[in-house]
Q: 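I'd like to ask you about the structure that follows.
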Amino acid sequence: MTKGKVISKTVYKDDKPVKNRKWIFSRKQLCIPYGLFLFMFVIFPLLLIVFYAFTDETGKISFYNFIDFFTNPTSITNLFMSIGLAGITTVCCLLIGYPVAYILSKMKQRVAGVIVMLFVLPMWINFVLRAMAMKELLTLIGMFGKNNFLNTVIGMVYDYLPFMIMPLYTTLIKRDRSLEEAAADLGSNRVGVFTKVIFPLSLPGVLSGINMVFLPTMSCYVVSDTFGNGKVTIIGKLIEEQFGVAANWNYGSALALIMLVIMFVTMLLTGGFKPQENMRGANL
């Protein structure tokens, strides 16, 4: 059967030839449901956010929402709080997750698989339940309520550490170990092998883990509310308040658009839009 072509069949009506066209199913038509889904649940909501962000309550074009945000010291403080919290969380997850992933990559595959499963199992539990469990643990050891920012960082690291370990582990386990042996044969010590061979080859996993941790923690206000006693406000919380209690969709849309731009810039800087085959070490 020929795909995507039109079969013409001539029929006669009132002694006049009439072409009866019959369309044959094409694989290209499979993109229609995806295109409709993409438009309804991604493009259209995004267009609504842009519309509300650049209009006022009367529907007139206005830049007041952005001017109000960048001239309000509280909003700027919350923005830097979000970026700082996400940055510290990402660094902590990387410092903890990289050694764990490296050790797992050197283990036997069966043993490493069991340990990886132990890291993944908590992800099957409800997000809020995990946060509340860690909150109770901090309360038992007497840490909860003493330092709200530190408690929030602990909660973020606890929830997002697996998102750092998994891409690092999958990258490290596929590395070409003969390169390490070659570096050692050429006189490089363990530190040199790690800094010049292992770490450069694992950069795709590092960048992927940074994106998977940094971007969500900027807007994860559930953790900041739970561990920060409501005193650690990030930009995600501001957006929730504007769409909820304040019922100010215009200002909330402007905040969402600002956060979207920050995420876009982060992805751009970390190579999130580059083809994986062009990234160093991605072909392992």
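One is the number of the first residue; the rest follow in order along the sequence.
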Q: List for me each residue that meets side-chain contact (heavy atoms from CB on, under 4.5 Å) alongside Thr90, sequence neighbours excluded, and say none if there are none.
A: Met164, Ile210, Val213, Phe214
Q: Does Asp68 reach the main-chain N or O of Tyr64 with its side chain, forming a donor-acceptor pair under 3.5 Å?
A: no
Q: Can you tell me which residue pairs pass the side chain to side chain donor-acceptor pair (under 3.5 Å) test with a partner in residues 214-233, sequence neighbours excluded?
A: Asp225-Lys237
Q: Met40: what forms a side-chain contact (heavy atoms from CB on, under 4.5 Å) with it, not counting sequence neighbours?
A: none
Q: Under the salt bridge (Lys or Arg N to Asp or Glu O under 4.0 Å) definition, can you give me all pairs with a residue in residues 76-102, not counting sequence neighbours?
A: none
Q: Got Leu47 and Phe51 here, is their nearest side-chain heavy-atom distance under 4.5 Å?
A: no
Q: Can you name the side-chain contact (heavy atoms from CB on, under 4.5 Å) partners of Leu129, sequence neighbours left out?
A: Ile125, Asn126
Q: Can you tell me which residue pairs pass the side chain to side chain donor-acceptor pair (under 3.5 Å) test with a partner in residues 133-162, sequence neighbours excluded?
A: Arg130-Asp159
Q: I need the full list of side chain to side chain donor-acceptor pair (under 3.5 Å) pairs touching residues 92-118, with sequence neighbours left out, sorted by first then second residue.
A: Tyr98-Ser202, Ser105-Arg175
Q: Could you list the donor-acceptor pairs under 3.5 angstrom formed by side chains in residues 182-190, with sequence neighbours left out?
A:
from: Ser188; atom 1: OG; to: Val193; atom 2: N; distance (Å): 3.3
from: Asn189; atom 1: OD1; to: Val191; atom 2: N; distance (Å): 3.3
from: Asn189; atom 1: OD1; to: Gly192; atom 2: N; distance (Å): 2.7

Q: Calculate, to the nearest 0.5 Å, the distance between atoms CD1 and CE belonging to Ile258 and Met263 respectively.
A: 12.5 Å
Q: According to the interplanar angle, ranging from 0 to 90°, do the rings of Phe66 and Phe54 count as parallel (below 30°), tilted (30 to 60°) or perpendicular (above 60°)?
A: tilted
Q: Using side-chain contact (heavy atoms from CB on, under 4.5 Å) as the criterion, list what pairs up with Asn250, not counting sequence neighbours.
A: Tyr52, Thr55, Glu57, Asn65, Asn248
Q: Heavy-atom count around Phe127 CZ within 6.0 Å, excluding the residue itself: above 12?
A: yes
Q: Remaining members of Leu36's ILVMFWY cluster at a side-chain heavy-atom cut-off under 4.5 Å?
A: Ile32
Q: Cluster partners of Val91, using ILVMFWY side-chain heavy atoms under 4.5 angstrom, listed by chain and number?
A: Leu95
Q: Mind checking salt bridge (charged side-chain N to carboxylate O under 4.0 Å, His left out) for Glu241 and listing every partner two or more places apart, or none if nothing turns up?
A: none
